[in-house]
Asks: 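I have a structure here, written as structure tokens, and I will follow up with some questions on it.
Keep in mind the model is a prediction, meaning the values are calculated, not measured.
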Amino acid sequence: CAPTPIPVITPTQTVASTVTSLPTSTAQADPVTTARRLIDGINRGDVAGVLTLFSDDVLWERGGQCPPGTCIGKSAVQREIERDVAAQHQINLINIQIKDATVCARVDLQTAQTRAKAVRRIVQIFTIEVKEGKIAQVRIVNDLTDPETANFAKGAVATPIATISC
């Protein structure tokens with residue numbers, strides 16, 4: 001994400017209603033809409049629908065679960081999305097920025113694990129690169145500048161350090 005974002009969109013609620021009413025051709029062409037469809041699909045538990053958003057050779061990176069270079073292709077992403085759905089991920093968009101075809105989304109996340117530990121939410125940063133209307137790369141890191149997230153991550157194995165920001 002660039003230090004000077006262009007443009008900034010700051011919704012306050014889940015993005016489902018604004019995303020599902022858009023025509024498919026618009027959603028595929030617009031990186032922000034594609035990122036919103038990813039978040040909305042995970043929230044709905046729509047693994048099959050989410051997978052249609054990805055290129056065949058997609059790269060997915062997320063901490064110890066998918067260190068850089070290890071989760072490549074739709075089958076790897078399918079395992080990650082299925083894991084997210086099973087863990088009852090609910091993602092709320094805090095803000096989203098775009099530069100060229102790369103989207104940087106700051107989100108708060110609730111999961112079965114956060115609820116079990118009485119954690120209100122953790123903050124994550126999703127960097128999503130879209131090429132030819134498909135998601136080509138996703139990087140997810142915990143935003144350790146957020147005190148609640150940093151506290152939650154203390155006991156985690158291979159907790160990623162936030163090296164990107166929106």
Asks: Side chain to side chain contact (heavy atoms under 4.5 Å, CB included), that's the test. Do Gln97 and Val103 meet it? Break it down for me.
Replies: CA-CA 6 Å; Gln97 302 168 11; Val103 174; over 6 Å; no
Asks: Considering only heavy atoms from C-beta outward, does the side chain of Thr127 approach that of Val138 to under 4.5 Å?
Replies: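 Contact flag for Thr127/Val138 side chains = no.
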Asks: Go through it in stages, so that I can follow the logic: the residues are Val50 and Leu38, the test is side chain to side chain contact (heavy atoms under 4.5 Å, CB included), and I'd like the CA-CA distance, side-chain angles, deciding distance and then a yes or no.
Replies: CA-CA 6 Å; Val50 167; Leu38 169 65; 3.5 Å; yes
Asks: Kindly indicate whether the side chain of Thr34, heavy atoms from C-beta on, has any atom under 4.5 Å from the side chain of Ile128.
Replies: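 Sidechains of Ile128 and Thr34: no contact.
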Asks: I need the Arg121 CZ to Asp108 CG distance, nearest 0.5 Å.
Replies: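 Here the interatomic distance stands at 6.0 Å.
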Asks: In Å, rounded to the nearest 0.5 Å, how long is the span from CD of Gln65 to CD1 of Ile140?
Replies: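 Rounded to the nearest 0.5 Å, the CD-CD1 separation comes to 8.5 Å.
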Asks: Tell me, do Arg106 and Asp143 make a side-chain contact under 4.5 Å, heavy atoms counted?
Replies: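 With C-beta onward as the side chain, the pair touches.
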Asks: Counting N and O atoms only, with roles assigned by atom type, does the side chain of Glu148 sit under 3.5 Å from a partner on the main chain of Arg120, one being a donor and the other an acceptor?
Replies: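 Confirmed, Glu148 side chain pairs with Arg120 backbone.
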Asks: Using only atom types and a distance under 3.5 Å, with no angle test, would you say the side chain of Thr149 pairs donor to acceptor with the backbone of Val123?
Replies: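 Flag set: sc Thr149 to bb Val123 pair under 3.5 Å.
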Asks: For Glu82, which residues count as a salt bridge (Lys or Arg N to Asp or Glu O under 4.0 Å) partner, sequence neighbours excluded?
Replies: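 Once residues adjacent in sequence are excluded, Glu82 has no partner under the salt bridge (Lys or Arg N to Asp or Glu O under 4.0 Å) criterion.
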Asks: Is there a side-chain contact between Gln78 and Val47 (heavy atoms, below 4.5 Å)?
Replies: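 They are in side-chain contact.
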Asks: With a 4.5 Å limit on heavy-atom distance, are the side chains of Ile91 and Phe126 in contact?
Replies: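 Heavy-atom side-chain distance check passes, below 4.5 Å.
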Asks: Quick one: are Ile122 and Asn142 in side-chain contact, heavy atoms under 4.5 Å?
Replies: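 Answer yes - side chains close enough.
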Asks: Please give me the minimum heavy-atom distance between Ser55 and Ala136, naming the atom from each residue.
Replies: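 Scanning both residues, the minimum pair turns out to be OG-CA, 3.6 Å.
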Asks: Could you grab the distance from atom NZ of Lys134 to atom CG of Asp56, nearest 0.5 Å is fine?
Replies: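 Lys134 NZ to Asp56 CG: 8.5 Å, rounded to 0.5 Å.
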Asks: Kindly compute the distance separating CD (Gln124) from CG (Leu109), expressed to the nearest 0.5 Å.
Replies: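 The CD atom of Gln124 sits 5.0 Å away from the CG atom of Leu109.
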Asks: Report the distance from atom CG of Leu53 to atom CZ of Arg36, rounding to the nearest 0.5 Å.
Replies: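 Result: 14.0 Å between the selected atoms.
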Asks: Can you see whether Thr102 engages Asp100 through a side-chain donor-acceptor pair at a distance of less than 3.5 angstrom?
Replies: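 Thr102 vs Asp100: no donor-acceptor pair found between side chains.
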Asks: Going from CD1 on Ile72 to CD on Glu61, what distance comes out if it is rounded to the nearest 0.5 angstrom?
Replies: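 Ile72 atom CD1 to Glu61 atom CD measures 8.5 Å (nearest 0.5 Å).
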Asks: Could you check if a side-chain atom of Trp60 sits within less than 4.5 angstrom of a side-chain atom of Ile81, using non-hydrogen atoms only?
Replies: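 Trp60 vs Ile81: side chains touch.
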Asks: Might you work through the side chain to side chain contact (heavy atoms under 4.5 Å, CB included) test for Asp84 and Arg62, ending with a clear yes or no?
Replies: CA-CA 12 Å; Asp84 292 351; Arg62 174 169 50 186; 3.0 Å; yes
Asks: For Leu59, is there any backbone N or O sitting under 3.5 Å from a side-chain donor or acceptor partner on Gln137?
Replies: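 Pair absent, no side-chain N/O of Gln137 close to backbone of Leu59.
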Asks: Between Arg115 (side chain) and Gln88 (backbone), is there a donor-acceptor pair under 3.5 Å?
Replies: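 Present.
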